[in-house]
Amino acid sequence: MRAIRPATAADIPALMALRTEAEAWLSAAGIDQWQDATTRQPALAKWENNIRDGRTWVIDNDDRTGLLATVTLAPPDRDFWRDADSPDSALYVAKLITARRAKGERLGGRILDWASSIARDRGLPWVRLDCWRDNTKLQGYYLRAGFRHVRTEAPAHRLSGWMAQRPASVVLHPGQGLATADTPVSVL
């Protein structure tokens with residue numbers, strides 16, 4: 001069984017390597033997500049803050065050389081989630097990235113199931129996310145993972161904004177769970 005653990009500052013180079021690999025894969029697939037290199041530094045700063053706050057989680061490669069996956073359990077993004085959405089009723093998934101070498105392990109889906117278990121443990125009925133507005137392949141993935149499209153927001157300063165949620169009760173990979181290595185400092 002794979003284990004998911006809180007990220008540490010020592011993981012930052014591996015997190016950036018994981019993102020860089022994802023950027024290359026997205027580019028090869030003709031998807032413009034994360035293709036602006038100027039977004040790397042803000043992403044790094046956000047990861048540093050989320051690591052400090054205990055929100056970013058990682059799955060190590062078997063030989064401890066790099067990471068197989070990461071996810072951040074983020075606070076609600078107020079560019080998208082309004083008061084009418086009852087933003088405190090959900091756990092928010094962000095920056096879910098899996099390494100290409102993990103293809104076939106269903107790590108993304110297993111991480112989403114793990115996030116659902118965190119939401120259930122906290123008495124939250126929903127798992128929510130937003131993703132790139134133009135990445136229809138990723139949107140399709142989330143729909144197949146049990147999410148329902150809520151709406152699409154398009155603030156001028158953001159390229160994300162396709163918003164979706166699924167009930168925290170959804171588990172699509174029973175028996176393939178992730179062991180949690182430590183308890184998070186904070187999951188907002």
Can you list the steps and then say if M16 with L18 is a side chain to side chain contact (heavy atoms under 4.5 Å, CB included)?
-> CA-CA 5 Å; M16 289 309 291; L18 201 56; over 6 Å; no

Minimum heavy-atom distance between [X] and [Y], given as atom pair plus value:
| X | Y | value |
| --- | --- | --- |
| A119 | A168 | CB-CB, 3.8 Å |
| T98 | G108 | CG2-N, 3.7 Å |
| A74 | A94 | CB-CB, 4.1 Å |
| L129 | V93 | CB-O, 3.5 Å |
| L67 | R101 | O-NH2, 2.9 Å |
| V170 | A145 | CG1-O, 4.4 Å |

Going by an N to O cut-off under 4.0 Å, is there a salt bridge joining [X] and [Y]?
| X | Y | result |
| --- | --- | --- |
| R151 | E153 | yes |
| R122 | D88 | no |
| D62 | R2 | yes |

[atom1]-[atom2] distance between [X] and [Y], expressed to the nearest 0.5 angstrom:
| X | Y | atom1 | atom2 | value |
| --- | --- | --- | --- | --- |
| R148 | L143 | CZ | CG | 10.5 Å |
| L138 | R133 | CG | CZ | 14.0 Å |
| T152 | D134 | OG1 | CG | 10.0 Å |
| S86 | R128 | OG | CZ | 7.0 Å |
| T70 | I59 | OG1 | CD1 | 9.0 Å |
| L73 | T56 | CG | OG1 | 8.0 Å |

Can you tell me if R19 uses its side chain to pair, donor with acceptor, with the backbone of A14 under 3.5 Å?
->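 Side chain of R19 to backbone of A14, a donor-acceptor pair under 3.5 Å: no, none is there.
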
Is a donor on one side and an acceptor on the other found under 3.5 Å between the side chain of Q139 and the backbone of W132?
->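 Yes: the side chain of Q139 pairs with the backbone of W132.
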
Indicate yes or no: at least one non-hydrogen side-chain atom of [X] is less than 4.5 angstrom from one of [Y].
| X | Y | result |
| --- | --- | --- |
| V58 | L15 | yes |
| K46 | L44 | no |
| D77 | R158 | yes |
| P6 | R55 | no |
| I51 | W57 | no |

Report the residue from F80, W126, W81 that forms a ring-ring contact (aromatic ring centres under 6.0 Å, His included) with Y92.
->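 It is W81; the other options fail the test.
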
Intermediate values then yes/no, side chain to side chain contact (heavy atoms under 4.5 Å, CB included), E105 and R110 = CA-CA 9 Å; E105 288 193 43; R110 291 163 64 193; 4.0 Å; yes

Short side-chain donor-acceptor distance under 3.5 Å, R5 and T180 =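 There is no such pair between these side chains.
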
Indicate whether any N or O donor in one side chain lies under 3.5 Å from an N or O acceptor in the other, for N50 and T72.
->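 Looking only at side-chain atoms, T72 and N50 do not form any donor-acceptor pair under 3.5 Å.
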
With under 30° as parallel and over 60° as perpendicular, where do the rings of F147 and Y142 fit, or are they tilted in between?
->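 It falls in the perpendicular class, over 60°.
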
For the hydrophobic clusters of this structure (ILVMFWY residues joined by side-chain heavy atoms under 4.5 Å, transitively), does one cluster hold both V127 and V171?
->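 No, V127 and V171 fall in different hydrophobic clusters.
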
Shared ILVMFWY cluster between L172 and L107, side chains joined below 4.5 angstrom?
->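 Cluster IDs for L172 and L107 differ.
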
Qualifying residue, where the test is side-chain contact (heavy atoms from CB on, under 4.5 Å) with D113 and the options are Q176, R106, H173 |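 The passing option is H173.
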
